[in-house]
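Working notes, beginning with the structure itself.
Lettering follows sequence order; numbering is per chain, from 1.
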Amino acid sequence: MTNAQIAAAFDEIADILEFQGANPFRVRAYRNASRTLGDFGESIEALVHEGRDLTEIQGIGEDLAGKIETLVKTGSLPQLVDLRAQVPKTVLALMRIPGLGPKKAAALYRELSIKDLDMLKAACEAHKVRELKGFGEKTEETILKGLSLAAESQKRIYWAAADEYAQALLKHMRQCKGIEQMEVGGSYRRGKDTVGDLDLLVVSSDVAAVMDRFGAFSGVAEVLARGETKMVVRLDTGLQVDLRVVPAESFGAALQYFTGSKQHNIVLRGRAKDRGLKVSEWGVFRGEKYIGGRTEEEVYKLLDLPWIPPELREARQEFEWAESGQIPELIEVADIQGDLHMHTNQTDGAATLEEMVEAAKKRGLKYIAITDHSKRVTMANGLDGARLRRQWAEIDKLNDRVKGIKVLKGVEVDILEKGGLDLADDVLAEADWVVASLHYGQNQPREKITKRLLGALENPHVSAIGHPTGRLLERRSGYDVDLDAVFAAAKEHKKILELNANPARLDLDDVACAAAKEHGIPIVISTDAHSTQGLETIRYGVLQARRAGLTKEDVVNTRPWSGVMRLIGRK
DNA sequence: GCCGTTTTCGGCCCGACTGTTTTCAGTCG
């Protein structure tokens with residue numbers, strides 16, 4: 001049983017309990033546990049088998065520890081089976097409609113026997129919903145609208161796409177007079193791989209002007225709310241954008257608050273309470289008295305903490321680090337010296353070898369590896385040994401005439417379905433850098449996938465594993481692989497794991513990267529560029545690395561190539 | 001359900017906005 005499966009079970013329990021109107025703190029305990037386990041760096045199943053004390057995990061007490069054990073050992077949980085019998089799964093979907101929480105959803109189920117979204121739609125159209133106590137005409141409309149938008153509004157967008165929106169929004173708002181300070185917060189500011197909505201924070205004395213300007217942003221389809229300090233719009237693409245206008249003395253507190261994460265804020269506010277203080281988006285208060293909040297630094301300082309970089313604010317280890325003065329000095333884009341994964345038009349890339357080299361040089365890179373696909377990747381016109389050697393001869397010639405950048409002879413060799421690699425060892429032995437990646441047979445069972453990856457890690461010519469989990473954000477979760485085994489093998493054979501910077505991949509993700517670091521495994525951040533513009537994506541990878549708490553030292557391509565060579569045992 | 005230099009019970013972050021009310025519950029972030 002994977003951590004994700006255990007997390008999902010607890011989340012489902014939380015959903016049902018919430019629907020049933022259980023103690024909200026009990027619900028939260030399940031949600032917290034779900035989150036903690038989902039983010040956990042080690043295999044919970046393994047911990048159980050080792051007989052470790054699970055209550056040492058923050059947020060796991062006697063009860064939940066017992067439930068985890070039951071889940072791992074029997075594959076199911078009697079409590080969850082019972083709960084499922086009480087509330088049909090389709091009923092829980094009601095709570096996913098914006099505006100419908102547990103109370104209203106329960107009322108619909110109880111009073112009108114509404115069991116799924118189709119019945120909800122019919123009831124709204126028959127105007128049965130507005131007759132319920134606490135419901136009205138507007139609620140009915142909101143539900144109908146929510147039903148038609150449900151799929152769209154739940155979709156999260158890549159961070160890279162959110163960045164485009166954010167930059168366009170800031171540019172639009174800068175035309176508005178009287179704005180003193182402005183920042184986009186939320187999961188965007190935390191650099192999360194996908195973003196659900198945008199939060200814009202503004203300091204201005206003319207709230208009405210700011211809100212009018214905000215409403216005029218291109219693509220605004222609907223104003224969902226407009227109050228004295230807060231306004232919410234939905235763009236025609238379904239993206240929701242929140243605006244808050246606050247006074248200057250609250251800017252730091254509001255930015256802190258709107259950056260989140262929610263979990264981070266709960267911890268922070270609990271900390272304030274311990275000190276007899278109160279933190280809200282308006283500032284830090286002792287009783288009624290404002291004592292600070294102009295900057296984020298001020299907010300953290302009043303709680304005896306150094307400023308914490310937004311990327312770390314997930315209520316994972318950041319408070320521990322902050323208290324002991326151990327916040328890592330996070331890697332920056334400027335630290336990157338080389339890019340060790342990219343393609344040319346010899347396979348499925350768009351640019352020639354020369355064009356890629358020129359673009360990389362322009363970016364200030366000191367070295368790059370050309371890593372086209374091997375022959376198994378027929379769709380991409382993958383290279384066999386002979387074609388690859390011809391490309392390498394080209395690279396030799398290129399290195400003779402191009403100065404200021406070193407071009408390495410590399411390959412992205414396919415890890416075959418039956419195990420083993422797609423190129424002979426004598427070919428691989430001539431490469432400077434070998435990325436081994438798994439592209440086919442992604443639906444194989446866990447044991448088989450893991451075995452294939454371990455086989456690649458054992459090959460002496462392999463330098464790194466490319467996009468180690470195969471996930472595609474919002475599309476597929478990645479193949480079923482025993483990452484602990486992969487980490488152990490990478491450590492044993494002194495291999496590197498990739499953080500693929502493609503905004504749709506970001507693989508390894510932040511949590512896995514942090515776990516790899518714990519295991520002492522070096523990470524390479526690579527663009528996997530298929531065009532010259534693809535080289536720009538490095539910043540998405542660096543952002544994800546920052547979320548993992550990685551420093552310059554943890555990432556191999558911050559070193560000169562000679563340093564990388566030593567690491568992979570080449571002369 | 002978790003947690004503890006105000007410990008084994010009684011807390012658990014805080015506020016804005018809307019709609020349905022006529023002072024507030026529910027939802028959201």
Side-chain angles (χ1 to χ4, degrees), chain A residues 10 13-14 17-19 21-36 54-68 79 94-108 129-143 145-146 153 185-188 190 195-201 207 211 223-233 240-246 250 253-254 256-285 293 299 303 315:
Chain A
F10 284 168
I13 291 174
L17 289 176
E18 191 171 37
F19 181 84
N23 177 349
F25 297 106
R26 187 174 167 222
V27 174
R28 185 199 282 177
Y30 278 102
R31 295 239 188 264
N32 280 343
S34 169
R35 227 186 107 267
T36 304
L54 298 175
T55 63
E56 282 172 17
I57 302 171
Q58 188 62 234
I60 304 297
E62 293 289 336
D63 183 86
L64 290 182
K67 281 169 182 161
I68 293 171
Q79 179 198 17
L94 303 184
M95 292 194 291
R96 304 268 187 282
I97 303 294
L100 282 189
K103 295 288 192 300
K104 284 207 158 77
L108 290 167
V129 170
R130 64 176 66 175
E131 289 160 16
L132 293 181
K133 189 169 155 42
F135 291 73
E137 210 172 317
K138 286 282 180 80
T139 313
E140 211 171 63
E141 282 171 27
T142 308
I143 293 172
K145 215 183 299 172
S153 63
S187 51
Y188 168 72
R190 301 202 307 281
V195 172
D197 61 12
L198 290 181
D199 303 280
L200 180 68
L201 187 66
V207 178
M211 289 191 171
V223 176
L224 299 174
R226 179 169 171 160
E228 285 171 34
T229 65
K230 178 179 167 178
M231 180 164 164
V232 182
V233 301
Q240 185 174 312
V241 190
D242 295 12
L243 166 75
R244 286 292 288 261
V245 187
V246 299
S250 299
Q256 193 290 315
Y257 171 66
F258 287 108
T259 297
S261 66
K262 189 175 174 180
Q263 297 297 328
H264 177 92
N265 289 353
I266 287 175
V267 175
L268 199 76
R269 289 173 174 202
R271 208 181 153 89
K273 203 159 224 186
D274 292 343
R275 286 164 174 71
L277 304 174
K278 184 185 73 171
V279 175
S280 77
E281 58 262 55
W282 300 105
V284 184
F285 297 85
V299 174
L303 302 174

For B:dT8, which nucleotide in any strand shown is its Watson-Crick or wobble partner with both distances under 3.5 Å? none

Does [Y] offer a backbone N or O that forms a donor-acceptor pair with the side chain of [X] under 3.5 Å?
{"X": "A:R190", "Y": "A:T259", "result": "yes"}
{"X": "A:S261", "Y": "A:H264", "result": "yes"}
{"X": "A:T142", "Y": "A:K138", "result": "yes"}
{"X": "A:Q240", "Y": "A:D197", "result": "no"}
{"X": "A:R244", "Y": "A:A254", "result": "no"}

Since syn is defined as within 90° of 0, does B:dT7 count as syn or as anti? syn

When the distance from [atom1] of [X] to [atom2] of [N] is rounded to whole Å, what number comes out?
{"X": "A:L201", "N": "B:dG29", "atom1": "CG", "atom2": "C1'", "result": "14 Å"}
{"X": "A:D242", "N": "B:dT27", "atom1": "CG", "atom2": "P", "result": "18 Å"}
{"X": "A:R31", "N": "B:dC28", "atom1": "CZ", "atom2": "P", "result": "12 Å"}
{"X": "A:E140", "N": "B:dT20", "atom1": "CD", "atom2": "C1'", "result": "14 Å"}
{"X": "A:L198", "N": "B:dG29", "atom1": "CG", "atom2": "P", "result": "13 Å"}
{"X": "A:E18", "N": "B:dC28", "atom1": "CD", "atom2": "C1'", "result": "12 Å"}

Can you establish whether the number of heavy atoms outside A:E141 located under 6.0 Å from its atom CD is more than 12? yes

By the 4.0 Å heavy-atom rule, please label A:P24 as base, sugar-phosphate, or nothing. nothing

State, with a plain yes or no, whether a side-chain heavy atom of A:Y257 is found less than 4.5 Å away from one of A:V299. no

With side chains defined as the heavy atoms from C-beta onward, is the minimum distance between A:I68 and A:F10 less than 4.5 Å? yes

Please report the distance separating the [atom1] of [N] from the corresponding atom of [M], rounded so that it comes out in whole Å.
{"N": "B:dT27", "M": "B:dT20", "atom1": "C1'", "value": "14 Å"}
{"N": "B:dG19", "M": "B:dG4", "atom1": "P", "value": "42 Å"}
{"N": "B:dG11", "M": "B:dT18", "atom1": "P", "value": "33 Å"}
{"N": "B:dC3", "M": "B:dC13", "atom1": "P", "value": "14 Å"}
{"N": "B:dG15", "M": "B:dT8", "atom1": "C1'", "value": "32 Å"}
{"N": "B:dC17", "M": "B:dT22", "atom1": "P", "value": "23 Å"}
{"N": "B:dA16", "M": "B:dC9", "atom1": "C1'", "value": "33 Å"}
{"N": "B:dG1", "M": "B:dT6", "atom1": "P", "value": "28 Å"}

Quick one: which protein N/O atoms are closer than 3.5 Å to N/O atoms of nucleotides 9-19 of chain B? Pair and distance per line, please.
residue, atom, partner, partner atom, Å
B:dC12, OP1, A:K273, NZ, 2.3
B:dC13, OP1, A:R28, NH1, 2.8
B:dC13, OP1, A:R28, NH2, 2.6
B:dC13, OP2, A:R28, NH1, 2.9
B:dC13, O2, A:R269, NH1, 2.7
B:dC14, OP2, A:K273, NZ, 3.3
B:dC14, O4', A:R269, NH1, 2.6
B:dG15, OP1, A:K278, NZ, 2.8
B:dG15, O3', A:W282, NE1, 3.4
B:dA16, OP1, A:W282, NE1, 3.0
B:dC17, OP1, A:E228, N, 3.0
B:dC17, OP1, A:T229, N, 2.9
B:dC17, OP1, A:K230, N, 2.8
B:dT18, OP1, A:R226, N, 2.9
B:dG19, O3', A:T139, OG1, 3.2

Work out which heavy atom in A:V279 is nearest to a heavy atom in A:A272; give both atom names and the distance. CG2-CB, 3.5 Å

side-chain hydrogen bond (donor to acceptor under 3.5 Å, both in side chains) between A:Q256 and A:N265: does it pass, once the steps are laid out? CA-CA 8 Å; A:Q256 193 290 315; A:N265 289 353; 3.0 Å; yes

Quick one: on DNA chain B, does A:A105 or A:V27 contact a more 5' nucleotide (nearest heavy atom)? A:V27

Is A:K67 near enough to B:dG1 that one of its side-chain N or O atoms lies under 4.0 angstrom from OP1 or OP2? yes

Given protein heavy atoms under 4.0 Å, the one-letter contact record of nucleotides 2-8 of chain B, with B base, S sugar-phosphate only and - none, is simply SS-----

